[in-house]
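Just so you know, ligand 1 is whichever comes first in the structure, and atom 1 is the first atom listed for that ligand.
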Amino acid sequence: MGKDRSPHVLVFPIPLQGHINSMIKLAELLALAGFRLTFLNSDLNHNRLLKFTNFATHFARYPGFEFKTITDGLPLDHPRSGNWFMEMYEQVIETKMKQNLREMLLNISPPVDCIIGDGFLGFSIDVAKELGIPIICFRTSSPHGFWAYYSIPDIIQAGELPIKGSEDMDRLITTVPGMETYLRCRDLPSFCRAPDMEDPIIKLVVKETRRSTQADALILNTTEELDGPILSQICTKCPTVYAIGPINAQLNTRLKAEHREPHDHFSNTLWEEDESCISWLDKQPNRSVIYVSFGSITSMSREKLVELWYGLINSKAKFLLVVRPNFVTGDEGEDDVVCELLEKTKDRGYTVHWAPQEAVLNHPAVGGFLTHSGWNSTLESIVAGVPMICWPYFADQQVNSRAVSEVWKIGLDMKDVCDRKTVEKMVNDVMVDQKEFSKSATELSQVTNRSVSVGGSSYNNLDRLVEDIRVMCLKTPQKMMAS
Ligand code: UDP
């Protein structure tokens, strides 16, 4: 069938904040290229976006941009904390979501010409292949994370995993091509610490990662300048890779070219942003504040939070701390902890439940970021030129923090330690002594921002992706049209 309309692309993230963030920005980039878009979100997250953001009015400007919803299978009042992710994965993702996706694709009009599926939702590859729709996987984790996940079976095969009880965690892992000189045992994705390599989460991560390479192509949120050596390794498994990131910066560039404000004050977060912290930052001297935030999933024991807080208080820096709802685990309620902190930190710090992170990182008062090393947070910090102190929690964060400290040399890695003395020292190193991090972070920010400017590598790769989707859509007959 000849298609004389613009390609219709379905973008489908797994229901997690970090994944939604980058995938909705990719959807907007494709809408700017003139494509028709359907963004498929979980019911719950769609409702939260409606409640806390202006996304509905924001996207109304793109004719043909539609939001559709799908259940994540858990009851709406489920707290979605603790082990909820595996619960959702095991109970519903492969069954209910797959079936719903298939039905939706069969009934949608105009038909979908290309799916951009979250690399963690490998079942969408099966559905796409069955229906004859081209599919591109978007892996929202870092290339370092993706490649380490992919290599787990080889690491096991070489006898470098599992980690034994008395293991030296600084031992180098030699079987991940491209990372032989800096990847230590402790930098492997968190799941690798399991004593049993048959652990369900390891099996799942390996399965989904290897499955991503069966898609027609792979999109990664990075630049060739940041991750060139790792991208070359990934290309040996999946020849068509588009490195189009950092997506937040790419979107800002393209919006500016359209004479629109960066993001146009669009927020895509699942909690209400507390803008009051910007007014507080406005009153602080340049580069005097360390921003402390651990993303959307991490939780922390009361004990650790108190240790962290003492480290901050004892350092010479001011701080802006995010304590998300459900962040603190343990017997004592989160509210007690937050109230106690708020009371004692009034003159040295400011605490919010959720911050407008990109605006915070780009604020002149912010001179450092104490982060859990989630990939979006890492990229946002790189783009803003803010040095990091990394305190990774899980998944790719362990390897991201190693790249920050050893490959890009734009911060310190605090993994596996959280005592007040270390926090104090690292905060002073980054904020007061500023060592070499401030300079290297500024330089990396410049290189990274150039890659999303006209003629830069990520800019060109996005143009190539847009063109390839157009060609793909023209060529592909759709079985679903006949059914
Ligand atoms: N974020 C935010 N406000 C906050 C904390 C986080 O807007 O107070 C955003 C942040 O900008 C990032 C995302 O939430 O885009 C977190 O994604 P990341 O990959 O860093 O971590 P995850 O939440 O997936 O662990």
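- Looking at atom 1 (N) of ligand 1, its nearest protein heavy atom turns out to be Trp354 CZ2, 3.3 Å.
- Looking only at atom types and distance, the side chain of Ser440 has no donor-acceptor partner in the side chain of Lys409 under 3.5 Å away.
- When the heavy-atom distances from atom 16 (C) of ligand 1 to Gly374, Ser142, Ser377 are ranked, the shortest goes to Ser377.
- Note: Phe191 and Tyr149 have tilted aromatic rings, judged against thresholds of 30 and 60 degrees for the angle between ring planes.
- Between the choices Val360, Asn221, Asn21, Leu16, the shortest heavy-atom distance to atom 15 (O) of ligand 1 belongs to Asn21.
- Under the 3.5 Å distance criterion, with hydrogens and angles disregarded, no donor-acceptor pair is assigned to the side chains of Tyr310 and Glu424.
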For this session: Determine, step by step, whether Lys425 and Asp429 satisfy the salt bridge (charged side-chain N to carboxylate O under 4.0 Å, His left out) criterion, reporting the C-alpha distance in whole Å, the side-chain angles of both residues, the deciding distance to 0.1 Å, and the verdict.
Result: CA-CA 6 Å; Lys425 180 171 182 326; Asp429 280 351; 2.9 Å; yes
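- Residue Gln17 has no nitrogen or oxygen atom sitting less than 3.5 Å from a nitrogen or oxygen atom of ligand 1, judged on distance alone.
- Remark: distances from the non-hydrogen atoms of Tyr291 to ligand 1 include one below 4.0 Å.
- For ligand 1, the atoms sitting less than 4.0 Å from at least one non-hydrogen atom of Val322 are 8 (O), numbered in the order shown with element in parentheses.
- Every atom of ligand 1 with a heavy atom of Trp375 under 4.0 Å away is listed here by number and element: 19 (O).
- Contacts between Arg324 and ligand 1, counted as non-hydrogen atom pairs separated by less than 4.0 Å, are absent for every part of the residue.
- Every atom of ligand 1 is numbered from 1 in the order shown, and the set under 4.0 Å from a heavy atom of Ser293 is 5 (C).
- For the pair Glu358 and ligand 1, no heavy-atom separation below 4.0 Å is found.
- A salt bridge does not link Asp43 to Arg48: none of the charged side-chain nitrogens sits closer than 4.0 Å to a carboxylate oxygen.
- For ligand 1, the atoms sitting less than 4.0 Å from at least one non-hydrogen atom of Ala355 are 2 (C), 3 (N), 4 (C), 7 (O), 8 (O), numbered in the order shown with element in parentheses.
- Look at His372 and you'll find a heavy atom under 4.0 Å from some atom of ligand 1.
- A salt bridge is absent between Lys96 and Asp72; no separation between the charged side-chain nitrogens and carboxylate oxygens falls under 4.0 Å.
- Heavy-atom contacts of Gly18 reach the following atoms of ligand 1: 17 (O), 24 (O) (cutoff under 4.0 Å).
- Note: an N/O pair closer than 3.5 Å links Ser296 and ligand 1 by distance alone.
- Environment of CD in Glu303: sparse, with no more than 12 heavy atoms of neighbouring residues, nucleotides or ligands closer than 6.0 Å.
- Ligand-side atoms of ligand 1 in range of Gly295: 23 (O), range being under 4.0 angstrom from any heavy atom.
- Side-chain contact of His363 with Asp282: a donor-acceptor pair under 3.5 Å is present, judged by distance alone.
- Taking the six-membered ring where the residue is Trp, Trp271 and Trp354 present tilted rings, their angle falling between 30° and 60°.
- Looking at Glu224 and Asn461, their side chains do bring a donor and an acceptor atom within 3.5 Å of each other.
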